[in-house]
Amino acid sequence: TMSSSRLGLRLAACLLNISEARRKNIVENIAKAALLEKNGQKHPEVSVLNIFSDRDYNRSVITIAASVDDLGNSVLAACLEAFQSINMELQEGVHPCLGAVDLIPIYPLSGVSVEECGAVARSLAESLLLRAPSCSLFLFGEADLPEKRTLVQRRKQLGWFTRRDFSALEPDLGAAPARRCGLTDTGVPKDTGNRGQTKSGP
């Protein structure tokens with residue numbers, strides 16, 4: 001966990017959605033990839049706060065928190081591990097999972113703006129493209145400039161919940177969707193700017 005001496009950090013988080021839950025070792029390897037620096041040492045300013053796996057859906061959500069400057073590289077490492085170890089041609093689950101890495105939402109935690117999270121998401125998408133050229137990326141929220149379309153808007157446009165053949169789609173970045181990697185949505189969820197305000201009411 002992060003010690004109080006580092007509370008001055010500008011922190012952001014990613015709730016990384018991957019299409020694997022039944023092979024625990026693969027999920028753990030993806031989470032571990034987020035924690036390591038290039039030299040193989042544990043990164044001092046990156047934490048995996050939680051791993052939630054749903055066996056029926058066959059998807060896991062890995063919560064990665066880090067300084068805003070380190071989060072992109074950590075999530076990149078986890079995504080590359082996921083693209084190597086999850087083949088969507090073989091994936092089975094009751095949830096409409098469309099990508100080995102299904103969703104990369106970036107959230108501000110402290111001292112970070114949603115615009116900065118959008119920049120992290122965009123730069124992460126570009127890095128992913130260089131390192132995993134067969135992936136197909138769609139941007140949403142603060143990463144989708146200038147329109148800033150929401151994740152729901154993007155998914156409706158893509159026919160996310162109904163379509164079965166994605167090969168004709170043109171992604172924002174990357175190749176036309178291939179069966180193995182599928183589609184990946186990257187961006188900043190809409191409601192994140194209001195996190196600090198408590199809603200009044202019942």
Side-chain angles (χ1 to χ4, degrees), residues 9-19 34 46 59 61-80 82-83 88 95-178 181-199:
L9 278 180
R10 298 166 61 246
L11 298 175
C14 175
L15 271 64
L16 184 66
N17 285 240
I18 57 166
S19 295
V46 178
R59 82 187 270 147
V61 179
I62 301 170
T63 305
I64 303 162
S67 73
V68 70
D69 301 321
D70 294 317
L71 184 63
N73 283 336
S74 286
V75 175
L76 175 65
C79 289
L80 293 173
F83 281 132
M88 290 307 288
H95 192 79
C97 291
L98 294 176
V101 177
D102 216 36
L103 184 59
I104 312 174
I106 308 287
Y107 293 88
L109 290 182
S110 69
V112 178
S113 69
V114 288
E115 291 81 9
E116 283 177 281
C117 290
V120 169
R122 277 195 308 280
S123 118
L124 173 61
E126 285 158 16
S127 303
L128 263 176
L129 207 56
L130 291 173
R131 303 283 300 275
S134 53
C135 70
S136 305
L137 298 157
F138 290 86
L139 303 173
F140 68 91
E142 289 290 334
D144 175 44
L145 298 178
E147 295 97 333
K148 300 187 185 181
R149 290 163 292 186
T150 65
L151 179 61
V152 171
Q153 283 173 313
R154 295 310 316 262
R155 288 191 163 179
K156 278 185 178 152
Q157 283 169 342
L158 303 175
W160 184 270
F161 300 104
T162 51
R163 187 191 296 251
R164 284 290 161 262
D165 175 22
F166 286 86
S167 56
L169 280 178
E170 283 190 31
D172 296 334
L173 295 167
C181 291
L183 301 182
T184 303
D185 284 325
T186 314
V188 183
K190 194 76 181 135
D191 56 355
T192 50
N194 309 325
R195 290 226 141 176
Q197 301 157 11
T198 50
K199 289 203 176 86

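Everything numeric in this text was worked out from a predicted model, so none of it was measured.
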To the closest 0.5 Å, what do you measure between [atom1] ([X]) and [atom2] ([Y])?
| X | Y | atom1 | atom2 | answer |
| --- | --- | --- | --- | --- |
| Ser123 | Asn73 | OG | CG | 8.0 Å |
| Asp185 | Leu151 | CG | CG | 5.5 Å |
| Asp69 | Glu116 | CG | CD | 8.5 Å |
| Ile18 | Ile62 | CD1 | CD1 | 4.0 Å |
| Phe138 | Thr186 | CZ | OG1 | 10.0 Å |
| Leu129 | Asp172 | CG | CG | 11.0 Å |

Please name the pair of heavy atoms, one in [X] and one in [Y], separated by the smallest distance, quoted to 0.1 Å.
| X | Y | value |
| --- | --- | --- |
| Cys117 | Val188 | C-CG2, 3.5 Å |
| Pro189 | Ile106 | CD-O, 3.7 Å |
| Gly187 | Ala121 | CA-CB, 3.8 Å |
| Val68 | Ala12 | CG2-CB, 4.2 Å |
| Leu139 | Ala143 | CD1-O, 3.5 Å |

Are the side chain of [X] and the backbone of [Y] linked by a donor-acceptor contact shorter than 3.5 Å?
| X | Y | value |
| --- | --- | --- |
| Ser136 | Pro171 | no |
| Arg10 | Gly111 | yes |
| Arg154 | Arg149 | no |

Checking Val101, Leu103, Leu173 against Thr184 for side chain to side chain contact (heavy atoms under 4.5 Å, CB included), the one that qualifies is Val101
Side chain to side chain contact (heavy atoms under 4.5 Å, CB included) with Lys190: of Thr150, Val114, Val152, only one passes, and it is Thr150
Can you check whether [X] reaches [Y] side chain to side chain, under 4.5 Å on heavy atoms?
| X | Y | answer |
| --- | --- | --- |
| Asn17 | Val61 | yes |
| Leu80 | Leu128 | yes |
| Cys14 | Ile104 | yes |
| Tyr107 | Thr63 | no |
| Asp144 | Gln153 | no |

* To do: Could you give me the CA-CA distance, side-chain angles and deciding distance for Asp102 and Arg59, then say whether salt bridge (charged side-chain N to carboxylate O under 4.0 Å, His left out) is met?
  => CA-CA 9 Å; Asp102 216 36; Arg59 82 187 270 147; 3.0 Å; yes
Contacts satisfying salt bridge (charged side-chain N to carboxylate O under 4.0 Å, His left out) that involve residues 120-135 (not counting sequence neighbours) are none
